[in-house]
**Student:** 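Below is the structure I would like to discuss, written out as structure tokens.
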Amino acid sequence: MQSNWVEPREAISRPRLGRVFVLMHKVHLEVQMAEKIKEKYEESKLYRLRHSTAHVMAEAVLDKFPEAKIAIGPAIEDGFYYDFDLPRPITPEDLKEIEQRMQEIVKGKFDFKREVVDAEQAKELFKDQPFKLELIRDLEAGTTDEHGNPIREKPELSIYKSDTFVDLCRGPHVENTAEINPKSFKLLTVAGAYWRGDEKNAMLQRIYGTVWETPEELKEYLRVMEEAKKRDHRKLGKELDLFSSNDEIGTGLILWHPNGAKIRKIMTDFWNDEHEKSGYDFVFTPHIGKASLWETSGHLGFYKDNMYSPIDIDGQQYFLKPMNCPFHLHIYKSRIRSYRELPLRFAEMGTVYRYERSGVLHGLLRVRGFTQDDAHHFCTPEQMPDEIDFVLNFCLHILRSFGFTDFKAYLGTKPHDAIGEDSQWAEAEAALRASLDRSGLDYETDAGGGAFYGPKIDLKVKDAIGREWQLSTNQFDFNLPERFDLTYIGEDGQQHRPYMVHRALMGSMERFFGILIEHYGGAFPVWLAPIQAVAIPIADRHFDYAKQMVAQLKAQGIRASLDDRGERMNAKIRDAQKQKIPYMLVIGDQEMESGQVALRLRSGENPGPMSLDAFIAKAKQDIAEKI
RNA sequence: GCCGACGUAGCUCAAACGGCAGAGCAACCGCCUUGUAAGUGGUAGGUUACGGGUUCGAUUCCCGUCGUCGGCUCCA
């Protein structure tokens, strides 16, 4: 069933037309899709199919565990789930049995029959189902939906019956279980989930499954899942020797190995150059600051849960910084500012530390220490629209340079616990919205998704296999300038309060790198590749010549290395392929005689022999074009 | 943090029911001198995450700690 009184968030988060892909990894898209798309998915055959398969699964689970208490079971992107309170943990064997039972049920060709009931009937029907009773009570009162989200009006209560299973459910469903192809669904995993998503509530067992209209689509879905696994940055990070983390150092803390660090340096150099060209000033700030700083900034009031315990220094409390902003504000404040020097843009690769609960850590994507490509803009109120426009455009420029082409923006509005007046929020939100409208970007509103000090525009990108990732964040802030009493002297000779924008384009070096790895599947474009070319001499007698070639490439700024192991050429090529090195330069008797190199690309293409100069020209062009 | 699964050599994985811990790859030492994804022989490599317990005996069973994975909740 489901729940279905109000759309489950997951179900509407990312429906896709055509090839749908599950979002693996912990990138949660807490966003509502545009109304029309939402309706499309919810009205689609696939949605009904998934919802109905969830019912079939619940029936199979109840067959196996008659004492099971059922919670909710919505269709979600790429599949469905159902939550249960069960007498014991589900095992993979159970999953298999349940799946088999589902196949039998489906073949029984049972109709899904809808009935409208009143609250009393519903309560009687589900008298042994405490979760359902709770839902009925809330729905009857017209207060909250199955996820605990407030609802506007009392919905009509309906139930759906199929075979022996009856569920409180809004529907819709397919007409008959015969519409579910027994070969096009699969149960995937079991996971814990809190009743109504609240960690104060009971932990239930959630079974995830996927279902498609045809077995071919299921197969394709599973294939894409496999493809995503191959791109997993944690796996590639190991294979390509990019980074690691280590028990003894601490969880969520990243070691960048030489290969990864090389890429980070290239990213940072590029970032520095672009910022320099675009009117930023660079600053550097410390990693800790006194408690009073964080009191002033509001972090100890609003962000304490994410901050580490204080360090005692000479009887004073210092905190490891979770953000860079207070330091940048103090640089602004270090002297009197004139309107003539605004806008000011302070940029810093600032390393911050945030407490993250152990269960949420994930490779490079969620860590406890990370470096933000941070900057703070200070400007006059009149300059604000231009500053936001500038930031958005600059942001797109940077992201495009790293090969992302598909963007979506999210406007995060005032959260529950926020500082600042409603009128300020409204004004700032309007300014951001206006800028988004001017940008032509596809965007939607994420209600309550702002930072505690102001609304924000987040940018998400779609990667090479269609997954969305959050990267950039641009946050308006009218609070910190006030808290730190920032001023500038205006044209009128009077003191005025500047506006401020926080922004991170790549977000964090760690997360951005993780996403880049997955986007490219480890085959970085030439400008980023830690090793761009490897010389592969065929026999020992070619070593000296190969060494010369490598030296010449290095002199031209190309990152080249020599594979002088006593292996056969085939083995060297294989290893270079596995390392995803863009260019392989095979060097044998023919090349030595003609003074050439034989180029092979990691794509398997084999352009063949060419002069070193010709190769250098090609490599330089690829590097310049960032391909 | 919570629910569940898991932790064996640098990596990927084996080792009914408790009975001396094994393979491939990588590494190292040789031989081969090679034409577009693995030539070949040998050597070395482990307090089975850590700490307790049960047992004549624990990789195996029990408890705890740490960590990893899949989710929940939360986020750059």
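In the text below, chain A, chain B and the rest are named by the order of the sequence lines, each starting its count at 1.
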**Student:** Please evaluate the base of A76(B) for a donor-acceptor partner in the side chain of E356(A) within a cut-off of under 3.5 Å?
**Tutor:** yes
**Student:** Nearest whole Å is fine: how far is C3(B) C1' from R88(A) CZ?
**Tutor:**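 Distance check: R88(A) CZ to C3(B) C1' gives 15 Å.
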**Student:** Using atom P of each nucleotide, how far apart are G10(B) and G71(B) to the nearest Å?
**Tutor:** 29 Å
**Student:** Quick one: look up who G46(B) pairs with, Watson-Crick or G-U, both distances under 3.5 Å, and put none if it's unpaired.
**Tutor:**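 G46(B) is paired with nothing.
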**Student:** Identify which nucleotide among G67(B), U73(B), G35(B) has an atom closest to any side-chain atom of T251(A), counting heavy atoms from C-beta outward.
**Tutor:**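 That would be G67(B).
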**Student:** Tell me whether the side-chain N or O atoms of R366(A) pair up with the base of C75(B) as donor and acceptor below 3.5 Å, since no angle test is needed here.
**Tutor:** yes
**Student:** Please find the pair of heavy atoms, one from T371(A) and one from E510(A), that lie closest to each other, and give the distance.
**Tutor:** N-OE1, 2.9 Å
**Student:** Between U12(B) and K238(A), is there an OP1 or OP2 to side-chain N/O distance shorter than 4.0 Å?
**Tutor:** yes
**Student:** Does the side chain of R541(A) get closer than 4.0 angstrom to OP1 or OP2 of U34(B) through an N or O atom?
**Tutor:**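 Yes, such a contact exists.
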**Student:** Quick one: which of G1(B), A76(B), G35(B) gets closest to the side chain of S508(A)?
**Tutor:** A76(B)
**Student:** Any strand counts, and the cut-off is 3.5 Å on both contacts for Watson-Crick or G-U wobble. Which nucleotide pairs with C11(B)?
**Tutor:** G24(B)
**Student:** Go through the N and O atoms of the side chain of R368(A) and the base of C75(B), and report whether any donor-acceptor pair is under 3.5 Å.
**Tutor:**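 Absent.
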**Student:** Rounding to an integer number of Å, can you tell me how far I587(A) CD1 sits from G35(B) P?
**Tutor:**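 I587(A) atom CD1 is separated from G35(B) atom P by 16 Å.
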**Student:** Does any nucleotide pair with C74(B) by Watson-Crick or G-U wobble geometry, both distances under 3.5 Å, and what is it?
**Tutor:** none
**Student:** May I ask which nucleotide in the shown strands pairs with C56(B), Watson-Crick or G-U wobble, both distances under 3.5 Å?
**Tutor:**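 In the structure as shown, C56(B) has G19(B) as its Watson-Crick or wobble partner.
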**Student:** Using the C1' atom as the reference point in each nucleotide, state the distance between U59(B) and U73(B) in Å, no decimals.
**Tutor:** 35 Å
**Student:** Do you know which of F524(A), F512(A), W469(A) makes ring pair (Phe, Tyr, Trp, His ring centres under 6.0 Å) with F402(A)?
**Tutor:** F512(A)
**Student:** Determine which nucleotide pairs with A5(B), using a 3.5 Å limit on both distances of a Watson-Crick or G-U wobble pair.
**Tutor:** U68(B)
**Student:** Could a donor-acceptor pair under 3.5 angstrom be found where the side chain of Y194(A) meets the base of G1(B)?
**Tutor:** yes
**Student:** So for E591(A) and G35(B), does any side-chain atom that can act as donor or acceptor lie under 3.5 Å from a complementary atom in the base?
**Tutor:**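 Such a pair exists between side chain and base.
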**Student:** OP1, OP2 of A76(B) versus side-chain N and O of K456(A): anything below 4.0 Å?
**Tutor:** yes
**Student:** Could you identify the nucleotide paired to C32(B), looking across every strand shown and requiring Watson-Crick or G-U wobble geometry with both distances under 3.5 Å?
**Tutor:**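 Pairing partner: none.
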**Student:** Within the modelled atom types, does a donor on one side and an acceptor on the other bring the side chain of R357(A) and the base of U73(B) under 3.5 Å apart?
**Tutor:**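 Present.
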**Student:** Quick one: label A598(A) by what it contacts on the DNA or RNA (base, sugar-phosphate, nothing), any heavy atom closer than 4.0 Å.
**Tutor:** base
**Student:** Starting at CG of D564(A) and ending at C1' of U34(B), how long is that distance when rounded to a whole Å?
**Tutor:** 15 Å
**Student:** Per the atom types in the model, does the base of U36(B) pair as donor or acceptor with the side chain of N570(A) at under 3.5 Å?
**Tutor:** no
